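These notes are about the structure you will find just below.
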Protein chains: 2
Amino acid sequence: MLHDLDMEKRLREAKLRPTRQRVALAEIMFGKGDRHLSAETLYEEAREAGVAVSLATIYNTLHQFTDNGLLRAISIDSSKTYFDTNTGNHHHFFFEDSEEVVDMPDGYVTVANLPEPPAGMEVSRVDVIVRVRNNVS
Amino acid sequence: MLHDLDMEKRLREAKLRPTRQRVALAEIMFGKGDRHLSAETLYEEAREAGVAVSLATIYNTLHQFTDNGLLRAISIDSSKTYFDTNTGNHHHFFFEDSEEVVDMPDGYVTVANLPEPPAGMEVSRVDVIVRVRNNVS
DNA sequence: ATTTGTGCAAATCGTTTGCATCTGA
DNA sequence: TCAGATGCAAACGATTTGCACAAAT
């Protein structure tokens, strides 16, 4: 697991001041591999880890991280937004029953025959969501 | 534009009682080709058309229609849910700047190399969202 | 010293719910 | 008749905001 100094560096590279809270939250977020966090989840994990942060700061942090490329926001169906610690090129499975989002490794899905975007527009990203459910035959 | 009797039939086929409100809302929804409506939009259009419905009924109707296959719910990014009057097989452009959702005709996009869904699961749908933005070179 | 971040509580906003009243079959 | 719909207002849950205080450069 990465420690404070690594996180400080990572935050500085993202042009974010490495404040106590941001470093602590970054450790929680990035310390356990790829994950999909909601604000509430992160808030609880922070409390459990003994880090005292307000929910407002959680939201601020998630958005700042997203704006600066440390996280990717995904909103599929459910009312709450999830933040993906994996910002690389990949797609998702969405389990309709449990409302869970799971990464699909890159290299699997290929998207072909994309129509041209309208003039003056450029594609910023292509998201593929494979919705799956229990096989109720 | 389709008229009352067609809508009544359509609602009955979807196993929904053709009440005054549902028929009126269906006409507004389906009378102008494929569209992406939010609850608020539909509410305003109904008022403009002189149809007195409460917001609660708007929500009820949108969900009942969705459950019975007359609409498809899509939630991309923004906080509000949109309902697509096109329930056929197709994908979407999402304009990041204006937060607009636009249909992409079927036959264009091809998705290949989908990984197998986990055991006991079946794919219920594959959504492709092409996010585009203004070309800021 | 300045700028930027944080915490708290109140405010927003989309959506849902409870319940009394109506309506279609 | 009477299950199913509707309307209203109150309740909700996620997110945002305003502002005073604290911390980072």
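Worth saying up front: this structure is predicted, and the values here are computed from it rather than measured. The chains referred to below are lettered A, B, ... by the order of the sequence lines, with proteins before strands, and numbering in each begins at 1.
- For the pair Thr57(B) and dA5(D), the criterion of a side-chain N or O lying under 4.0 Å from OP1 or OP2 is not met.
- In this structure, Leu70(B) and Leu16(B) have side chains that are in contact, with non-hydrogen atoms separated by less than 4.5 Å.
- For the segment residues 92-99 of chain B, the set of residues with a heavy atom within less than 4.0 Å of an atom of DNA chain C is empty.
- Heavy atoms only, all atoms of each residue included: Asp84(B) and His90(B) are closest at OD2-NE2, 2.9 Å.
- Side-chain contact annotation: Asp127(B) with His92(B), donor-acceptor N/O pair under 3.5 Å absent.
- Note on Gln21(A): every side-chain N or O is 4.0 Å or more away from OP1 and OP2 of dA22(D).
- Going from atom NZ of Lys15(B) over to atom P of dA5(D) covers 14 Å, rounded to whole Å.
- Within the 4.5 Å cutoff, side-chain heavy atoms of Met104(A) are placed close to those of Val130(A).
- Summarising the geometry, the separation between CZ on Arg22(A) and P on dA23(D) is reported as 15 Å, rounded to the nearest angstrom.
- Distance NE2/His91(A) to CD1/Ile129(A): 10.0 Å, rounded to 0.5 Å.
- With a 6.0 Å cutoff to the six-membered ring centre and a 45° limit on the axis angle, Arg72(A) does not count as a cation-pi contact of Phe83(A).
- Taking CZ of Phe30(B) as the reference point, atom CZ of Phe65(B) lies at 6.0 Å (rounded to 0.5 Å).
- Shown for residues 62-79 of chain B: residues whose heavy atoms fall under 4.0 angstrom of DNA chain C, namely His63(B).
- Salt bridge Asp77(A)/Arg131(A): present, at least one basic N to carboxylate O contact under 4.0 Å.
- Between atom CG of residue Leu37(A) and atom CD of residue Glu40(A) there is a gap of 12.0 Å, rounded to the nearest 0.5 Å.
- OP1 or OP2 of dT15(D) has at least one side-chain nitrogen or oxygen of Tyr59(A) nearer than 4.0 Å.
- Heavy atoms of Ser38(B) sit nowhere under 4.0 angstrom from any nucleic acid atom.
- We find the CZ-CG distance between Arg47(A) and Leu55(A) to be 10.0 Å, quoted to the nearest 0.5 Å.
- Atom CD1 in Ile58(B) sits roughly 12 Å away from atom C1' in dG7(D) (whole-Å rounding).
- A salt bridge between Lys32(A) and Glu45(A) is present, with a side-chain N of the basic residue lying under 4.0 Å from a carboxylate O of the acidic one.
- Rounded to an integer number of Å, the gap from Leu11(A) CG to dT25(D) C1' is 15 Å.
- If you measure from atom CD of Glu40(B) to atom P of dT12(C), you get 16 Å, rounded to the nearest angstrom.
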Notebook entry, point to check: How does each nucleotide of nucleotides 17-25 of chain C score, in 5' to 3' order, for protein heavy atoms under 4.0 Å: base (B), sugar-phosphate only (S), or none (-)?
Noted result: B------SS
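- Looking at which nucleotide of DNA chain D each of Leu55(A) and Ser54(B) is closest to, the 5′-most match is held by Ser54(B).
- Residue Leu16(A) contributes atom CG, which lies 11 Å from atom C1' of dT4(C) at whole-angstrom precision.
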